[in-house]
Amino acid sequence: MLMTPASQGLLISNLSFDYGGQSIFADWSMHFPVGLTWIYGDEGSGKSTLLRLLSGALSAQAGELCINGTCLHDRAQAYSSQVFWAEPRSEIFDAMSPLEYFDTLRPQYPHFNAAMLTSLQEALDLTPHLSKKLYMLSNGSKRKVWLAAAFASGAALTLIDDPCAALDRPSIKVIRELLEDAADQATRAFVIADYEVPEGLEVTKAIELTPRPASH
């Protein structure tokens, strides 16, 4: 398929999602280009829910999601193979060590960057923890594991929620530099969710979400 500017990255068409009788997204369409898209807004605006929908972990009631022309509805497996998403509070991988977890990712992502992973393990001070089980790690160290995997995955669509939560200052600096590089990406689309866009960080696109009024 010939890629046009509109088809590169992630295209959302007429997305609708209700939860507990509350409409979170209603007939919502958006284009997330390659580079760095920042989703921001207050608590309850749907930021984390949107990332789960984009990953396929949640199913929308209506709408279509397409990455570089591959659509979730028509080719779910091909779509998922282009997405990296790790639920920040997930316990699914707790019985694994970081090394074991990273090994599960290599066959999933054809553009997995092993050299970058090694560099990030050192930069984020993960080396002493690589053979420990994930349940033994602090919340900050577990988040570093997900972040290292996200950037090294090479995925066409990389989704990250609240990237600097629970991180130490040196690690925040590393992530900030990675996000600055992400804005210049020509083949990968990064979608980051947080309360606000960090001051001084250039992004490709910024989208504010606001809580929808309660249904009566």
Side-chain angles (χ1 to χ4, degrees), residues 1-88 90 108-111 146 150-151 153-163 179 182-197 201-216:
M1 177 182 294
L2 179 63
M3 292 291 103
T4 65
S7 63
Q8 292 175 350
L10 173 68
L11 190 62
I12 304 172
S13 303
N14 308 116
L15 181 72
S16 293
F17 179 74
D18 298 341
Y19 181 76
Q22 173 68 28
S23 175
I24 310 300
F25 296 98
D27 200 28
W28 195 71
S29 297
M30 188 65 63
H31 175 227
F32 293 165
V34 293
L36 179 61
T37 296
W38 206 277
I39 306 294
Y40 69 101
D42 293 335
E43 186 76 27
S45 59
K47 303 184 300 296
S48 297
T49 297
L50 179 59
L51 294 190
R52 295 183 185 109
L53 288 166
L54 302 186
S55 73
L58 276 181
S59 297
Q61 280 83 29
E64 185 60 282
L65 307 172
C66 299
I67 303 172
N68 298 335
T70 299
C71 297
L72 177 61
H73 180 74
D74 297 327
R75 301 175 60 199
Q77 185 171 353
Y79 178 96
S80 297
S81 70
Q82 298 186 68
V83 181
F84 180 91
W85 163 248
E87 183 70 49
S90 174
Q108 294 183 43
Y109 299 104
H111 301 294
W146 312 141
F151 286 100
S153 69
L157 176 65
T158 301
L159 308 169
I160 303 175
D161 196 4
D162 202 2
L179 292 172
D184 295 326
Q185 281 284 331
T187 59
R188 298 181 68 182
F190 289 81
V191 179
I192 312 298
D194 208 344
Y195 292 103
E196 59 185 6
V197 182
L201 180 67
E202 293 188 12
V203 300
T204 310
K205 191 168 190 173
I207 301 169
E208 183 179 11
L209 297 183
T210 56
R212 295 180 64 83
S215 302
H216 296 289

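Only a predicted model underlies this, so the values are computations on that prediction, with no experimental measurement involved.
Of all non-hydrogen atoms in Thr204 and Val34, the two that sit nearest each other are CG2-O, 3.7 Å. Of all non-hydrogen atoms in Ala60 and Ser16, the two that sit nearest each other are CB-O, 3.4 Å. Nearest heavy-atom pair, Tyr195 versus Tyr40, reported as atom, atom and distance to 0.1 Å: O-CB, 3.7 Å. The two residues Asp161 and Ser48 have their closest heavy-atom pair at OD2-OG, 2.5 Å. Among all heavy-atom pairs drawn from Lys205 and His31, the shortest one is NZ-O, 2.6 Å. For Asn14 against Ser29, the heavy-atom pair with the smallest separation is N-OG, 2.8 Å.
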Worked verdict on Asp18 versus Ser23 for side chain to side chain contact (heavy atoms under 4.5 Å, CB included) = CA-CA 4 Å; Asp18 298 341; Ser23 175; 3.5 Å; yes
Do Leu50 and Trp28 pass the side chain to side chain contact (heavy atoms under 4.5 Å, CB included) test, and can you show the C-alpha distance, the side-chain angles, and the key distance before you say yes or no?
-> CA-CA 11 Å; Leu50 179 59; Trp28 195 71; 3.9 Å; yes
Test side chain to side chain contact (heavy atoms under 4.5 Å, CB included) on Ser153 and Arg188 and set out the steps.
-> CA-CA 11 Å; Ser153 69; Arg188 298 181 68 182; 3.4 Å; yes
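Heavy atoms from other residues, nucleotides or ligands lying under 6.0 Å from CG of Asp42 number 12 at most. Around the CD atom of Glu208, the shell of radius 6.0 Å holds more than 12 heavy atoms that belong to other residues, nucleotides or ligands.
Taking NE2 from His73 and OH from Tyr79, the interatomic distance works out to 13.5 Å, rounded to the nearest 0.5 Å. Between Ile24 atom CD1 and Tyr19 atom OH the span is 9.0 Å, to the nearest 0.5 Å. With rounding to the nearest 0.5 Å, the separation of NZ in Lys47 from CD1 in Ile39 is 10.0 Å. For the atom pair CG of Asn68 and CG of Leu11, the computed distance is 10.5 Å after rounding to the nearest 0.5 Å. With rounding to the nearest 0.5 Å, the separation of OG1 in Thr49 from CG in Leu209 is 10.0 Å. Between the OG1 atom of Thr187 and the NE2 atom of His111 there is a distance of 7.5 Å, given to the nearest 0.5 Å.
Not counting sequence neighbours, Trp38 has no partner by the ring pair (Phe, Tyr, Trp, His ring centres under 6.0 Å) test. Contacts of Glu64 classified as salt bridge (Lys or Arg N to Asp or Glu O under 4.0 Å), with partners at least two apart in sequence or in another chain: none. In this structure Trp85 satisfies the ring pair (Phe, Tyr, Trp, His ring centres under 6.0 Å) test with no other residue, sequence neighbours excluded.
When each of Val191, Leu54, Leu65, Ile67 is paired with Val83, the side-chain contact (heavy atoms from CB on, under 4.5 Å) condition holds for Ile67 and for no other.
Proximity of Leu201 to Leu36: side-chain heavy atoms (C-beta onward) are separated by under 4.5 Å at one or more points.
Without hydrogens or angle criteria, Ser55 side chain to Arg52 main chain gives a donor-acceptor distance under 3.5 Å.
You'll find the ring centres of Phe190 and Phe151 inside the 6.0 Å limit.
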